[in-house]
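Since the model is a prediction, treat every value here as computed from it, not as a measurement. Sequential numbering from 1 along the given sequence is applied to the chain's residues.
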Amino acid sequence: MKIFVAGGTGVLGRPVLGVLTAAGHRARATARGPAKADLVRSLGGEPADLDLYDPDALRRGVAGCDAVVRLTTKIPPLRQMRRRAAWAETNRLRTVGARLLVDAAIAERVPVYIHESITFVYADGGAGWLNEDAYVDDGGTPIIRAVLEGEREAARFSQSGGRGVVLRFAGLYGPDAPSTTDMVRMARRRMLPRLGDGTHYFSSIYVPDAARAVAAALDVAAGVYNVCDDGPVPLAEYLALLAAAAGAPAPVRLPAWFGPWIFGDVWTYFSRSQRVSNGRFTKASEWTPAVKDVSQGWSLVAASLGSG
């Protein structure tokens with residue numbers, strides 16, 4: 001297949017390009033500037049230097065492709081997450097960017113559109129498992145509103161006659177992810193606290209497994225799919241495993257009311273219990289996570305990053 005990847009030089013985009021080209025697909029990926037173009041070529045892809053908000057450029061970029069994959073985000077560093085302004089570009093990419101990309105794919109009659117989303121859209125599920133039919137709640141936050149608006153673009157693509165696939169990714173982590181190295185650094189400085197009792201569930205996905213899921217999604221039916229590992233854990237356990245991998249002391253414990261002050265709107269969904277199931281996607285595809293849970297994943301991160 002010939003596949004257009006928007007966001008091909010990002011944390012998820014890079015391994016996705018590697019997986020696609022290794023499988024024999026021809027991948028064309030957005031890359032602004034010579035350095036990113038060289039990166040795309042090193043991964044076996046064809047660079048496309050274009051403006052993601054230019055409709056004509058997007059049409060030229062996706063023309064002749066069998067699938068379009070949207071992996072465009074600009075997630076702010078942990079210490080800036082509380083600032084709404086820090087999310088402006090990601091929100092725009094998830095809404096305006098998605099709309100323009102879907103417009104281009106429809107105009108050029110591309111058969112498949114794969115849309116990156118997140119599992120944080122789900123309302124608090126307590127100790128129960130959450131599948132794709134679980135209630136979603138934006139919590140009054142611009143971040144989740146933008147996520148759900150972006151998902152509607154994938155639905156619009158399906159309504160136009162194409163096959164729109166939404167992949168709701170759990171919390172991405174891996175040694176090459178800036179958010180992961182950020183968390184490790186903060187844990188070592190005791191700047192990543194445990195807020196409240198930490199009994200609510202947190203779901204994760206190791207970046208290489210997420211990349212394989214994108215490739216697997218090329219063959220599934222239109223719809224929404226959760227992409228997460230097999231073993232969501234309470235947040236307290238997640239933070240303890242992270243600290244152990246970082247060689248850091250146990251996290252400082254603070255009352256939950258510090259959450260909005262530290263994370264801003266993000267705490268609205270970080271504080272929810274989300275024990276997410278990947279059952280629909282594993283049944284629809286040949287994908288299963290190689291890293292089954294964060295106890296295994298954080299050990300891999302520790303081995304890769306060293307003592308630091």
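In this pair, Tyr238 and Trp298 present their aromatic rings perpendicular. The plane angle is above 60°, beyond the 30 to 60° band.
One distance of note links CD of Glu237 with OH of Tyr201; it measures 8.5 Å at 0.5 Å rounding. Separation of atoms OG (Ser203) and CG (Asp230) is listed at 11.0 Å; rounding is to 0.5 Å. The structure places CH2 of Trp287 at 9.5 Å from CG of Leu167, a figure rounded to the nearest 0.5 Å. Here the straight-line distance linking atom OH of Tyr269 with atom OG1 of Thr141 works out to 7.0 Å at 0.5 Å rounding. If you take OH on Tyr53 and CG on Leu93, they are separated by 3.5 Å, rounding to the nearest 0.5 Å. Summarising the geometry, atom CD1 belonging to Ile114 is positioned 10.5 Å from atom OH belonging to Tyr225; distances are rounded to the nearest 0.5 Å.
Side chain of Arg14 to backbone of Thr9: a donor-acceptor contact under 3.5 angstrom is found. A donor-acceptor distance shorter than 3.5 angstrom exists from the side chain of Thr90 to the backbone of Lys74, with no hydrogens or angles considered. Not a single donor-acceptor pair under 3.5 Å links the side chain of Thr30 to the backbone N or O of Leu50. The main-chain N or O of Ala127 is found under 3.5 Å from a side-chain atom of Arg275 such that the two form a donor-acceptor pair.
Scanning both residues, Trp261 and Arg82, for their nearest heavy atoms gives O-NE, 3.0 Å. Contact detail for Met81 and Ile75: the closest heavy-atom pair is CE-CG2, 3.9 Å. Across all non-hydrogen atoms, the minimal contact from Leu192 to Pro251 is O-CB, 3.6 Å.
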Task: Worked verdict on Asp229 versus Asn278 for side chain to side chain contact (heavy atoms under 4.5 Å, CB included) - done: CA-CA 7 Å; Asp229 65 28; Asn278 60 26; 5.7 Å; no
TODO: Assess whether side chain to side chain contact (heavy atoms under 4.5 Å, CB included) is satisfied between Cys65 and Arg28, documenting all intermediate values.
DONE: CA-CA 9 Å; Cys65 288; Arg28 176 186 296 163; 4.2 Å; yes
Open item on the list: Could you walk me through whether Val102 and Arg156 satisfy the side chain to side chain contact (heavy atoms under 4.5 Å, CB included) test, starting with their C-alpha distance in whole Å, then the side-chain angles of each, then the deciding distance to 0.1 Å, before giving a yes or no?
Closed with: CA-CA 8 Å; Val102 166; Arg156 179 168 69 90; 3.5 Å; yes
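In summary, Asp56 and Arg59 do not engage in a salt bridge, as defined by a charged side-chain N under 4.0 Å from a carboxylate O. Using a 4.0 Å cut-off between charged nitrogen and carboxylate oxygen, Asp49 and Lys36 do not count as a salt-bridge pair. A salt bridge does not link Arg26 to Asp66: none of the charged side-chain nitrogens sits closer than 4.0 Å to a carboxylate oxygen. The pair Asp133-Arg280 counts as a salt bridge, with a side-chain nitrogen and a carboxylate oxygen less than 4.0 angstrom apart.
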Please table the atom pairs, donor to acceptor, closer than 3.5 Å between any side-chain atom in residues 174-182 and protein atoms at least two apart or in another chain.
unit_1	atom_1	unit_2	atom_2	d
Thr180	OG1	Gly174	N	3.0
Thr180	OG1	Gly174	O	3.2
Thr181	OG1	Pro178	O	3.0
Asp182	OD1	Arg185	NH1	3.1
Asp182	OD2	Leu78	N	3.3

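The closest side-chain heavy-atom distance from Arg94 to Ile143 is below 4.5 Å. Contact annotation: the side chain of Val166 approaches that of Arg168 to within less than 4.5 Å [non-hydrogen atoms, C-beta and beyond].
Here the two rings, on Phe202 and His200, have centers that are 6.0 Å apart or farther.
There is a side-chain donor-acceptor pair under 3.5 Å between Tyr122 and Asn226. With hydrogens and angles left out, the side-chain atoms of Ser117 and Glu151 include a donor and acceptor closer than 3.5 Å.
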